[in-house]
Amino acid sequence: QVQLVESGGGLVQAGDSLRLSCAASGRTFRWYVMAWFRQAPGQEREFVAAIRSSSLNTYYADSVKGRFTISRDNAKNTMYLQMDSLNSEDTALYYCGARVRAGIASSNYGRREAYDYWGQGTQVTVSS
């Protein structure tokens, strides 16, 4: 069982920055594929970014490329999402997900079904 706890959300103005954190349990965190998804009211949960265990491979949704940066610190069992140049369309509940199963095709990083565990989410609200 893996527990994930997100933090760092809040209310900010357009153009501001925020850094989200996702703390994970488990001694094998370094092997997990980790991801951020978000869900706005009335919409489906959508992919934001993913990172492989080595941090050498990262993946982003087109809507956040160039503005968001995903990273991880395996020594701290923590993943981060640095969000810059926020706009109102970034308003959502942000979730972190963990994949503990081995092997994943690059085409699957953006699929909710690829991840085995989820946190409770942290709210990000951007006022314009």
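The analysis underlying the following values was restricted to heavy atoms, covering all of them including side chains, and did not include hydrogens, waters or symmetry mates. The structure presented is a predicted model; accordingly, all values stated were derived computationally and were not measured.
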**Q.** In one Ile/Leu/Val/Met/Phe/Trp/Tyr side-chain cluster, 4.5 Å: Tyr59, Tyr115
**A.** yes

Q | Tyr95 six-ring centre to Arg45 NZ/CZ under 6.0 Å and within 45° of normal | A | yes

(Q) Show the nearest heavy-atom pair for residues Asn77 and Ser25, with the distance to one decimal. (A) ND2-C, 4.2 Å

Q | Exam field: side chain Glu6 to backbone Cys96, donor-acceptor pair closer than 3.5 Å | A | yes

Q: Please check if the side chain of Thr78 supplies one atom and the backbone of Lys76 the other of a donor-acceptor pair under 3.5 Å.
A: yes

Q) Which heavy-atom pair separates Ala92 from Ala40 by the least distance, and what is that distance? A) CB-N, 3.9 Å

Q | Flag, side chain of Arg111 to backbone of Ser107, donor-acceptor distance under 3.5 Å | A | no

Q: Tell me yes or no: between the side chains of Ser17 and Asp84, is some donor less than 3.5 Å from an acceptor?
A: yes

Q: Measure up the Trp118 and Phe37 rings against each other and bin them: parallel (under 30°), tilted (30 to 60°), perpendicular (over 60°).
A: perpendicular

Q) Nearest 0.5 Å, what's the OG1-CD distance between Thr125 and Gln13? A) 13.0 Å

Q | Spatial distance of atom CG (Asn74) from atom OG (Ser53) [nearest 0.5 Å] | A | 7.0 Å

(Q) With a 4.5 Å cut-off on side-chain heavy-atom distances among I, L, V, M, F, W and Y, is there a chain of contacts connecting Leu20 to Leu4? (A) yes

Q. Could Arg72 and Phe29 be counted as a cation-pi pair, given that NZ or CZ must be under 6.0 Å from the ring centre and within 45° of the axis?
A. yes

Q. Which pair of heavy atoms, one from Ala98 and one from Tyr32, lies closest together, and at what distance?
A. CB-CD1, 4.4 Å

(Q) Does atom CD (Glu89) have a neighbourhood of more than 12 heavy atoms from anything else shown, all under 6.0 Å? (A) no

Q. Is the backbone of Gly15 close enough, under 3.5 Å, to the side chain of Asn87 for a donor and an acceptor to pair up by distance?
A. no

Q) Ignoring hydrogens and geometry, is there a side-chain-to-backbone donor-acceptor pair from Thr91 to Val126 under 3.5 Å? A) yes

Q) Which atom pair, heavy atoms only, marks the closest approach of Arg101 to Asp116? A) NE-OD1, 2.6 Å

Q | Modelled atom types, side-chain donor and acceptor of Arg99 and Tyr117, under 3.5 Å | A | no

Q: Considering non-hydrogen atoms only, spot the tightest contact between Leu81 and Ala49 and give its length.
A: CD1-CB, 4.4 Å

Q) Hey, is CD on Gln120 packed in by over 12 heavy atoms from elsewhere, all under 6.0 Å? A) no

Q: Answer with yes or no whether the side chains of Arg38 and Tyr94 bring together a donor and an acceptor at under 3.5 Å.
A: yes

Q: Decide if atom CD of Gln3 counts as having more than 12 heavy atoms of other residues, nucleotides or ligands within a radius under 6.0 Å.
A: no

Q) Looking at CE of Met83 and CG of Leu18, how far apart are the two atoms once the value is rounded to the nearest 0.5 Å? A) 4.5 Å

Q) Any chain of hydrophobic side-chain contacts (each under 4.5 Å) joining Tyr60 to Ile51? A) yes

Q.
Membership question, hydrophobic clusters at under 4.5 Å side-chain separation (ILVMFWY): are Ile70 and Val64 in the same one?
A. yes

Q. Okay, side chain of Thr122, backbone of Gly9: is any donor-acceptor separation there less than 3.5 Å?
A. yes

Q) Going from CG on Leu86 to OG on Ser128, what distance comes out if it is rounded to the nearest 0.5 angstrom? A) 12.5 Å

Q) Under a single-linkage definition using a 4.5 Å side-chain heavy-atom cutoff for Ile, Leu, Val, Met, Phe, Trp and Tyr, are Phe68 and Met79 assigned to the same hydrophobic cluster? A) yes

